[in-house]
Amino acid sequence: MDIPSKYEPQKVENRWYDYWMKHNYFHSIPDGREPYTIVIPPPNVTGILHMGHMLNNTIQDVLIRRARLQGKNACWVPGTDHASIATEAKVVAKLKEEGIHKADLSREEFLNHAWDWTHEYGGVILEQLKKLGCSCDWDRTAFTMDENMSASVIKVFVDLFNKGMIYRGYRMVNWDPQAQTTLSDEEVVYEEKQGLLYYLSYPIEGSDEKVIIATTRPETILGDTAICINPNDERYSHLKGKKAIVPICNRVIPIITDEYVDIEFGTGCLKVTPAHDVNDKALGEKHELETVDIFNADATLNSFGLHYEGKDRFVVRKEIKKELEDKGFLVKTENYINKVGTSERTKAVIEPRLSEQWFLKMEDLVKPAIEAVLETDDINFFPKKFENTYRHWMENIRDWNISRQLWWGQQIPAYYFGDGQDDFVVAESVEEALILAQGKSNNYELALSDLRQDEDVVDTWFSSWLWPMSVFNGILEPDNKEINYYYPTSDLVTAPDIIFFWVARMIIAGYEYRGEKPFENVYFTGIVRDKERRKMSKSLGNSPDALKLIENYGADGVRVGLLLSSAAGNDLLFDEDLCQQGKNFANKIWNGFRLLKGWEVADIPQPEASKLGIAWYNAKFNHTLAEIEDHFGKFRISDALMAIYKLIWDDYSSWLLEIVKPAYQQPIDRMSFEAIIGIFENNLKLLHPFMPFLTEEIWQHIAERSPNEALVVSQWPSIQKPDVGLIRQFEFAAEVIAGIRTIRKEKNIPMKESLELLVSNAEKLGRDWDAIIKKLTNVSSISYVDAAVEGALTFRVNSNEYFIPISGAVDVEAEIKKIKEELKYTKGFLQSVRKKLSNERFVNNAPDKVIAIERKKQADAEAKIETLEKSLASLN
RNA sequence: GGGCUCUUAGCUCAGCUGGUUCAGAGCACCUGCCUUACAAGCAGGGGGUCACUGGUUCGAAUCCAGUAGGGCCCA
């Protein structure tokens, strides 16, 4: 048959993915087998595949495919989340392009647009995952705004409210004026920005004196309601009890004292603006100050901004500087770098803003979640170092602001029936709300039309924290067959930057709603960076096109490239060369397969070399398999891959195939051939989780297979106890082979020219290895001698000495020099071992095992020195 | 400013509870080879005071303390 000499992934990948889908291999239903479950970290519904997704989902696919091969009931649930801020921002932008303003739409109209958008773009990323080879159970694809998912969110909200854990509060929140919504602390990114420190003078009422304050935000003076000084600051003690006049608006404000003020900072005088700064708000409450809010929702100034009304805060900053300067209030400015909070999503500068919000009390909820990770090890983090991060956050947790001033998401199920602070009820439906409201208000005339539902939606994470339960409908039907079978899930694979947003909260929700962990292990991947260690991002444009990579290197090549360099928990410095390495590997295996395919099989006796080679490989395979299992157990995915890579490239291709390969145009014996096919198939099984397409393609080429014999559902090899002695002997033989090759290379003796080998076999290596040595080095005969051979090139392996007589002059001087060098090194080594052994404290304190090892070192070195000295004597 | 973490070959990283897995891997590099499976390959080779300083120990890349320099998270 005609097989191309290069593997062509583009031609086979779609075909096998379709085949897998057609035969439903990825679909899971509960049965008697052990479940192995992963829920995908739902990507943003508007997202497209980027490097982080590729890494993350490749790892999940490796885990799930391996579990499937191990005979577990593997279930990988895919899906997306509705990402309220990001999606709403995109929809608003798109509508704007079409000349439609959100403000002109009703909630329903806007949501229709958002759903249209979701239906159009929502599936894109999931389709891309298929290109990568992800073996998700697509029948289970979920979306955080699916009907039952939303119903779960509402049910949980009502439940927590009824338990007294959700409350309304007037809080200083992180306000994103662009998205016009609140952000959690975790969604705020602090950036260093070059700004100015403005020194402003405020007149003191009834005197000519002035007081100078320093501020980074001069526009907020219009919201000032006090000046604060430190009571211990003698410079200002005479101002105590007096009043100051705010420039421009001429508001008369008290001068208060509080130790909060840092005497060293600025002038030691602080202007207090309770509506626009968290610390000032605290001061305001303590000293019962007035609160003057000068901003509109979009961060333009309101009527308190006087003649600046309607202008943006940054415009006002410039203009007010000029006005203050003109009127003589601006004393000076200094350059000042301050950390400014910005929105993770919109990049807008965050405005601290007083706002009415819904909060979830965290203090009690967090307790079982802390215990599970840090005390009982019910849940394991890989790498473990993230437990510290987790601990720090959990032990200092603050209440969760769960409301968002958006429309896209689950609308908060609170219904207002009056204007009073407490005139509301919380219920799963408006009908239930009405009954509750009638009772609460004692007004049985209340009608549905009297109820007004809260405008806000809940935070997207308030949906996704239920994900491991809600994808199995475990909230609405807590005792259904699926949730009972699949929950708790097995492994979660995610990036460390959402450890608080998501991982911690899922754990909290899991214990609250099922009394059980949501997953057993959490594997944190690294962050994908470019070669300069910069995080890959759209704005930097340093992220390669994921699909283009797959096109160029094949999905398998990209998967291998990503995994090879991603040690657990370390950031991955992505380099396209890595994908090239993956592609090369695919080609290597492909050609190994071509070699097998090209052989003619005959019923002839099995050569000794092949027999021994195969026995050795089986030992080596099992040895490596044990290593691989160990790596998987510790989530050392890249190490597992590297072990397989070396097994296939070095042990299988470079050694075994060369050992059994028949001479040109000669047939191979049937026994060896069948053994090699079996070996190759086992290799393919180990590799399948990493390179699913290539391995399935070759697997199906090897033999006609029925659908239930496909590689994707075959059986992971079980470990046999390896013959360690065989492995050690092979290593010795390999050193002999390398020795001969080195001599060929040094003396420029071509492979075609056969050599004679003589050996002084002090190590008593079995003669059965001779056949392999001869075959791989083109040695015509191996003879065993007791004394050194004159006129020969030599090399040593341990205390064995090898001689290669060659016609022509052997450089005796060079041989002597070589031996002397070896002798010198070995003697030095022996001396250090002897020193150790003659140290009484070492012998008394070191464990027996260590001493035995040292004794062996000593004996080996002594034997080697004897050999060296003998050969030296024979040369002289 | 607080917490966590890291520093090992040119690059990316292993190195578990101190002792032959102790100085390793892959890539890159150098030198030969177009040897009919594979030049996307084969064979061979060079390369590191384990950041620095001290301590504990019979013994330290590994444990402890300090110094310098990175990174992450939180304020």
Side-chain angles (χ1 to χ4, degrees), chain A residues 3-7 185-186 188 190 278-279 339 341 383-393 395-396 398 496-497 499-500 526-527 529 531 533 535 553 557 560-561 564-575 577-578 580-599 627 630-631 634 636 638-639 641-643 645-646 649-650 653-654 657-658 661 663-665 737-746 748 750-752 776-778 829 832-833 835-854 856-857 860:
Chain A
I3 306 172
S5 74
K6 307 225 184 305
Y7 172 62
D185 290 343
E186 287 76 23
V188 177
Y190 288 87
V278 185
N279 298 313
K339 288 205 169 167
K384 210 173 167 58
K385 66 179 178 187
F386 287 110
E387 288 182 5
N388 287 328
T389 318
Y390 180 82
R391 177 195 308 274
H392 193 255
W393 191 71
E395 288 177 353
N396 296 288
R398 285 180 290 176
D497 47 359
I499 186 168
F500 311 130
I527 291 165
R529 298 175 182 277
K531 274 199 273 188
R533 283 196 181 272
K535 198 166 165 172
Y553 301 99
V560 167
L564 271 181
S565 63
S566 84
N570 279 323
D571 286 357
L572 181 154
L573 272 55
F574 183 77
D575 185 343
D577 289 353
L578 294 166
Q580 185 63 45
Q581 197 184 340
K583 189 179 174 182
N584 293 352
F585 186 41
N587 203 51
K588 179 73 186 174
I589 298 162
W590 181 250
N591 278 290
F593 164 65
R594 283 178 68 222
L595 177 66
L596 302 197
K597 261 311 203 203
W599 284 339
E627 219 175 90
D630 183 54
H631 287 318
K634 294 169 181 161
R636 309 178 69 126
S638 71
D639 290 336
L641 173 57
M642 184 47 72
Y645 181 91
K646 285 196 275 192
W649 199 309
D650 299 342
S653 303
S654 297
L657 288 182
E658 293 301 327
K661 192 167 160 183
Y664 184 50
Q665 287 192 332
I737 291 164
I740 297 166
R741 284 173 173 168
T742 306
I743 282 183
R744 276 191 186 279
K745 164 127 179 149
E746 279 172 358
N748 251 322
M751 187 62 183
K752 275 174 239 159
L776 295 187
T777 56
N778 192 16
F829 177 75
S832 77
V833 176
K835 196 175 146 197
K836 221 186 243 188
L837 282 168
S838 62
N839 182 337
E840 247 176 72
R841 289 163 84 182
F842 171 71
V843 179
N844 292 338
N845 291 316
D848 292 347
K849 197 182 102 196
V850 174
I851 293 169
I853 287 164
E854 291 299 316
K856 170 128 191 354
K857 280 200 236 172
D860 288 349

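Chain letters run A, B, ... following the sequence lines, proteins first and then strands; every chain starts at 1.
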Contacts of A:E387 meeting salt bridge (charged side-chain N to carboxylate O under 4.0 Å, His left out) (sequence neighbours excluded), chain-then-number -> A:K384
To the nearest angstrom, the CD-C1' distance between A:Q665 and B:A37 comes to 15 Å
note: A:F574, atom CZ; B:C13, atom P; distance rounded to Å ~ 15 Å
To the nearest angstrom, the NZ-C1' distance between A:K384 and B:C72 comes to 19 Å
### Message
Say we look at B:U12 and B:U7: how far apart would their C1' atoms be, to the nearest angstrom?
### Response
14 Å
From CG of A:D497 across to P of B:C72 the rounded distance in Å is 12 Å
Q.
Rounding to an integer number of angstrom, what distance separates B:G18 and B:U56 when you compare their C1' atoms?
A. 11 Å
*Does CD in A:E840 sit with more than 12 non-hydrogen atoms of other residues, nucleotides or ligands closer than 6.0 Å?*
no
Given side-chain contact (heavy atoms from CB on, under 4.5 Å), test A:Q581 with A:F585 step by step and report yes or no.
-> CA-CA 6 Å; A:Q581 197 184 340; A:F585 186 41; over 6 Å; no
- [ ] Show your working on side-chain contact (heavy atoms from CB on, under 4.5 Å) between A:I740 and A:I737 and close with a plain yes or no.
- [x] CA-CA 5 Å; A:I740 297 166; A:I737 291 164; 5.6 Å; no
Counting only Watson-Crick and G-U wobble pairs with both atom distances below 3.5 Å, the stems of 3 or more consecutive pairs that include RNA chain B are B:1-7 with B:68-74, B:10-13 with B:24-27, B:29-33 with B:41-45, B:51-55 with B:63-67
Fill in: C1'-based separation of B:C52 from B:C58 [nearest Å]
26 Å
Residue set satisfying salt bridge (charged side-chain N to carboxylate O under 4.0 Å, His left out) with A:D497, at least two apart, ordered chain then number -> A:K535
Can you see whether A:N844 engages A:R841 through a side-chain donor-acceptor pair at a distance of less than 3.5 angstrom? no
#### Entry: Donor-acceptor under 3.5 Å (A:S654 side chain, A:W649 main chain)
yes
On RNA chain B, more 5' by nearest nucleotide between A:N388 and A:K836 is A:N388
C1' atoms of B:U53 and B:U17, separation to the nearest Å = 27 Å
Practice item. Ignoring backbone atoms, test whether A:R391 places a side-chain nitrogen or oxygen under 4.0 Å from the OP1 or OP2 oxygen of B:C73. Key: no
To the nearest angstrom, the CG-P distance between A:N396 and B:C4 comes to 12 Å
A:I853 atom CD1 is separated from B:U20 atom P, nearest whole Å, by 7 Å
Across all chains, not counting sequence neighbours, the salt bridge (charged side-chain N to carboxylate O under 4.0 Å, His left out) partners of A:K588 are none
5' to 3', nucleotides 38-47 of chain B under a 4.0 Å protein heavy-atom cut-off (B base, S sugar-phosphate only, - none) gives B-BSSBS---
Between OH of A:Y645 and P of B:C13 the distance, given in whole Å, is 18 Å
Does a donor on one side chain and an acceptor on the other come within less than 3.5 Å for A:N584 and A:Q580?
-> yes
For this session: Determine the interatomic distance between P on B:G15 and the same-named atom on B:G54; round to the nearest Å.
Result: 28 Å
note: A:E854, atom CD; B:C22, atom P; distance rounded to Å ~ 11 Å
Using the P atom on both, measure B:C42 against B:A37 and round to a whole Å. 13 Å
task = Using the P atom as the reference point in each nucleotide, state the distance between B:U49 and B:G32 in Å, no decimals.
result = 28 Å
Closest of B:A37, B:U20, B:C73 to the A:K857 side chain is B:U20
Flag, side chain of A:S653 to backbone of A:D650, donor-acceptor distance under 3.5 Å:
no
_Say we look at B:U8 and B:A51: how far apart would their P atoms be, to the nearest angstrom?_
6 Å
Task: Touch class at under 4.0 angstrom, heavy-atom based, for A:F829 against every strand present - done: base
A:D630 meets the salt bridge (charged side-chain N to carboxylate O under 4.0 Å, His left out) criterion, sequence neighbours left out, with A:K634
Compare side-chain N and O positions of A:R841 against OP1 and OP2 of B:G19 and report whether any pair is under 4.0 Å apart.
-> no
ask   = Which part of the nucleic acid, if any, lies within contact of A:M751, taking any heavy atom under 4.0 Å across all strands shown: a base, the sugar-phosphate backbone alone, or nothing?
value = nothing
